[in-house]
Structures are given as C-alpha cells and as structure tokens.
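In listed order, ligands and their atoms are each counted from 1.
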Amino acid sequence: MKQILPLYFIMGSQDCKLDPAFTLTEAIKGGITCFQFREKGPGSLQGTEKVALGRKLQRICRESNIPFIVNDDIELANTLQADGIHVGQDDMPIEEVVHKFVGNIIGLSVHTVEEAKQAATHNIDYIGVGPIFPTGTKKDAKKPVGASHIHTIRDAGISTPIVGIGGITKQNAHHVIQAGAEGISLISAISMSDYPQLAAKQLKAILTLA
Ligand SMILES: Cc1ncsc1CCOP(=O)(O)O
Ligand SMILES: C=C1C=NC(C(F)(F)F)=NC1=N
Ligand SMILES: [Mg+2]
C-alpha cells in the first residue's frame with residue numbers, strides 16, 4: 001500500500017480538460033503511483049462507452065505497472081478485472097464488496113472518525129479521507145474537514161493507510177502529508193492542467209519534501 005498511495009490520480013472524462021488517454025499517459029510520466037477511473041456525474045459516459053474508456057485507460061496503466069482502480073461500479077471492476085475498487089459510504093456495503101470483488105485492493109471513502117473506526121474492522125486496504133479542502137469537483141462533497149482531521153483519525157489509534165482527498169493542490173499538499181497521510185489523491189490539479197506531466201511532477205516533488 002505504501003508504495004501505491006503517495007500520488008493517487010483520479011479521473012473520469014467529465015473531469016478532463018484534454019483527452020483522457022493523453023492526460024493519463026502524461027500523469028504517469030509525471031510520477032503518479034495509482035489511478036482511479038471515476039466516470040461519474042454530469043457529462044460522464046455511460047454503458048458501452050464507459051466500459052470502452054475504462055479498458056483504454058486500464059491498458060495505459062498496465063503498460064506502466066500502475067494499479068488501476070474502479071470507483072463505485074463493482075460490475076465494471078469485475079468485468080475489467082481491475083486491480084481494485086473504491087466505494088463510498090452510500091455504495092454497496094463493504095462486507096458485500098469484500099465478498100463480491102475478485103481483485104485485491106479495496107478502498108473506502110471516509111469522512112468522520114466513526115466511519116474510519118468502522119473501516120478498520122474490515123480488511124480495507126486504504127481509506128480516502130476528505131474532502132480535506134473545498135472542492136468543486138464532487139458536487140455532493142461533504143463539509144471540508146481540514147488536514148488536521150487526518151491527525152485526529154491517527155490519534156484515535158486508526159492505522160489504516162490514508163489518502164487525503166479534496167481540493168488538494170501543489171500549494172496545500174504538504175499539510176496532508178504532515179498530518180500523517182500515506183498519500184494524496186486528486187482530480188483537477190492534474191485533470192484540468194494543460195501540462196499534466198508537469199503538474200504530476202511538481203506534486204511528486206512536494207511529497208518528497210514534506
Ligand atoms: C472524489 C472526491 N471525494 C471527496 S472530494 C472529491 C473530489 C476531488 O477532486 P479535486 O481533487 O479536483 O478537488
Ligand atoms: C470519493 C472518493 C474518496 N476517496 C477516494 C480515494 F482517494 F481513492 F481514496 N476516492 C473517491 N472516489
Ligand atoms: Mg462513491
């Protein structure tokens with residue numbers, strides 16, 4: 001987990017300024033360590049187009065040995081034989097996911113310390129804690145919790161690997177690492193960039209300095 005969580009890029013075509021395949025290829029060159037396909041919300045693809053894009057992005061990840069995680073859609077995750085799945089609190093119950101998903105990485109979205117405690121009782125590989133900072137990318141995001149919330153979760157004795165998520169940029173990424181997260185995950189800081197390779201490189205450099 002420690003080697004895949006540091007710079008965890010998440011994207012769907014709806015988040016992407018340039019061509020998704022180009023952006024992902026560039027982000028990988030820039031040093032991302034994990035990718036999540038999150039085709040969801042306004043403007044996202046559905047059905048066969050969604051599967052086709054997923055397959056295309058999975059191939060790009062496979063060429064560079066980058067784990068390919070699918071958000072929410074357990075059917076798609078199993079169809080693509082994805083490396084992992086990420087589910088939210090209001091998606092399929094985690095017990096079911098652990099049972100139904102054939103891959104090996106399972107991630108869960110977490111907002112409160114209570115949810116983090118719950119997650120720790122299942123063998124979840126990592127938890128996505130956020131939104132850390134305000135974000136416009138997820139329409140129904142909850143109230144930002146701030147980087148200190150990661151510290152609070154750690155202080156509650158929870159040792160599950162953590163990625164911070166929500167409004168993370170090269171300006172604020174260091175707060176997330178300093179608060180005790182194994183990594184940062186983000187969408188627009190890379191997906192909305194004209195230079196996704198440079199964006200990824202700059203974020204990666206900050207992680208090594210944090
Ligand atoms: C998927 C998700 N979950 C909590 S905030 C968020 C959106 C993160 O997007 P960005 O990195 O552009 O703020
Ligand atoms: C809502 C989400 C929260 N966290 C994460 C991750 F960063 F992968 F943990 N992914 C999501 N899709
Ligand atoms: Mg979700």
Between side-chain atoms of residues 50-60 and protein atoms elsewhere (two or more places apart, or another chain), which donor-acceptor pairs fall under 3.5 Å?
| residue | atom | partner | partner atom | Å |
| --- | --- | --- | --- | --- |
| Lys50 | NZ | Asp73 | OD2 | 3.3 |
| Gln58 | NE2 | Leu80 | O | 2.8 |

task: Would you mind telling me if ligand 2 is within reach of the side chain of Ile10, the backbone, both or neither, using heavy atoms under 4.0 Å?
output: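 The answer is the side chain of Ile10.
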N or O pair under 3.5 Å between Ser185 and ligand 2: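 Looking only at distances, the answer is no, because the N/O contact criterion of under 3.5 Å is not met.
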message: Any nitrogen or oxygen of Gln36 lying under 3.5 Å from a nitrogen or oxygen in ligand 2? Just yes or no.
response: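 Such a contact does occur with ligand 2.
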query: Looking only at non-hydrogen atoms, which of His86, His111, Lys40 approaches atom 4 (N) of ligand 2 most closely?
result: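 The nearest heavy atom belongs to His86.
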- prompt: Is the count of non-hydrogen atoms from other residues, nucleotides or ligands lying under 6.0 Å from Gln81 atom CD greater than 12?
  reply: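 For Gln81, atom CD is not crowded (no more than 12 foreign heavy atoms under 6.0 Å).
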message: Other residues, nucleotides and ligands only: do more than 12 of their heavy atoms fall within 6.0 Å of NE2 on His122?
response: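 Count over threshold, so yes.
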Give me the pairs of N or O atoms, one from ligand 1 and one from the protein, that sit under 3.5 Å apart.
| residue | atom | partner | partner atom | Å |
| --- | --- | --- | --- | --- |
| ligand 1 | 11 (O) | Ile187 | N | 2.8 |
| ligand 1 | 12 (O) | Thr137 | OG1 | 2.5 |
| ligand 1 | 12 (O) | Ser188 | N | 2.9 |
| ligand 1 | 12 (O) | Ser188 | OG | 2.5 |
| ligand 1 | 13 (O) | Thr135 | OG1 | 2.7 |
| ligand 1 | 13 (O) | Gly167 | N | 2.7 |

message: Within ligand 2, which atoms have a heavy atom of Asn71 less than 4.0 Å away?
response: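 Matching atoms, with element in brackets: 12 (N).
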- request: Below 4.0 angstrom from a heavy atom of Gly128, which ligand 2 atoms are there? Numbered from 1 as shown, please.
  value: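 With Gly128 as reference, the close atoms of ligand 2 come out as 4 (N), 9 (F).
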Please list every donor-acceptor pair under 3.5 Å in which a side-chain atom of residues 113-121 meets a protein atom from a residue at least two apart or in another chain.
| residue | atom | partner | partner atom | Å |
| --- | --- | --- | --- | --- |
| Glu115 | OE1 | His111 | N | 2.6 |
| Glu115 | OE1 | Thr112 | N | 3.2 |
| Thr121 | OG1 | Gln118 | O | 2.5 |

message: Under a plain distance cut-off of 3.5 Å, with no hydrogens placed, do Glu39 and Ser13 share a side-chain donor-acceptor pair?
response: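 Result is yes, a qualifying pair exists.
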message: Can you classify the ring geometry of Phe37 versus Phe68 as parallel (below 30°), tilted (30 to 60°) or perpendicular (above 60°)?
response: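 Ring orientation, 0 to 90° scale: parallel.
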field: Test side chain to side chain donor-acceptor pair (under 3.5 Å) applied to Ser109 and Lys138, His86, Gln89, Lys142, the passing residue
entry: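 The passing option is His86.
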Distance-only donor-acceptor pairs under 3.5 Å for side chains of residues 178-197, two or more places apart:
| residue | atom | partner | partner atom | Å |
| --- | --- | --- | --- | --- |
| Glu182 | OE1 | Arg154 | NH2 | 2.8 |
| Glu182 | OE1 | Ile162 | N | 2.8 |
| Glu182 | OE2 | Lys2 | NZ | 3.4 |
| Ser185 | OG | Gly164 | O | 3.1 |
| Ser191 | OG | Asp15 | O | 2.7 |
| Ser191 | OG | Ile187 | O | 3.2 |
| Ser193 | OG | Tyr195 | N | 2.8 |
| Ser193 | OG | Tyr195 | O | 3.1 |
| Asp194 | OD1 | Lys17 | NZ | 3.4 |
| Asp194 | OD2 | Lys17 | NZ | 3.3 |
| Gln197 | OE1 | Lys201 | NZ | 2.9 |
| Gln197 | NE2 | Glu26 | OE1 | 3.0 |

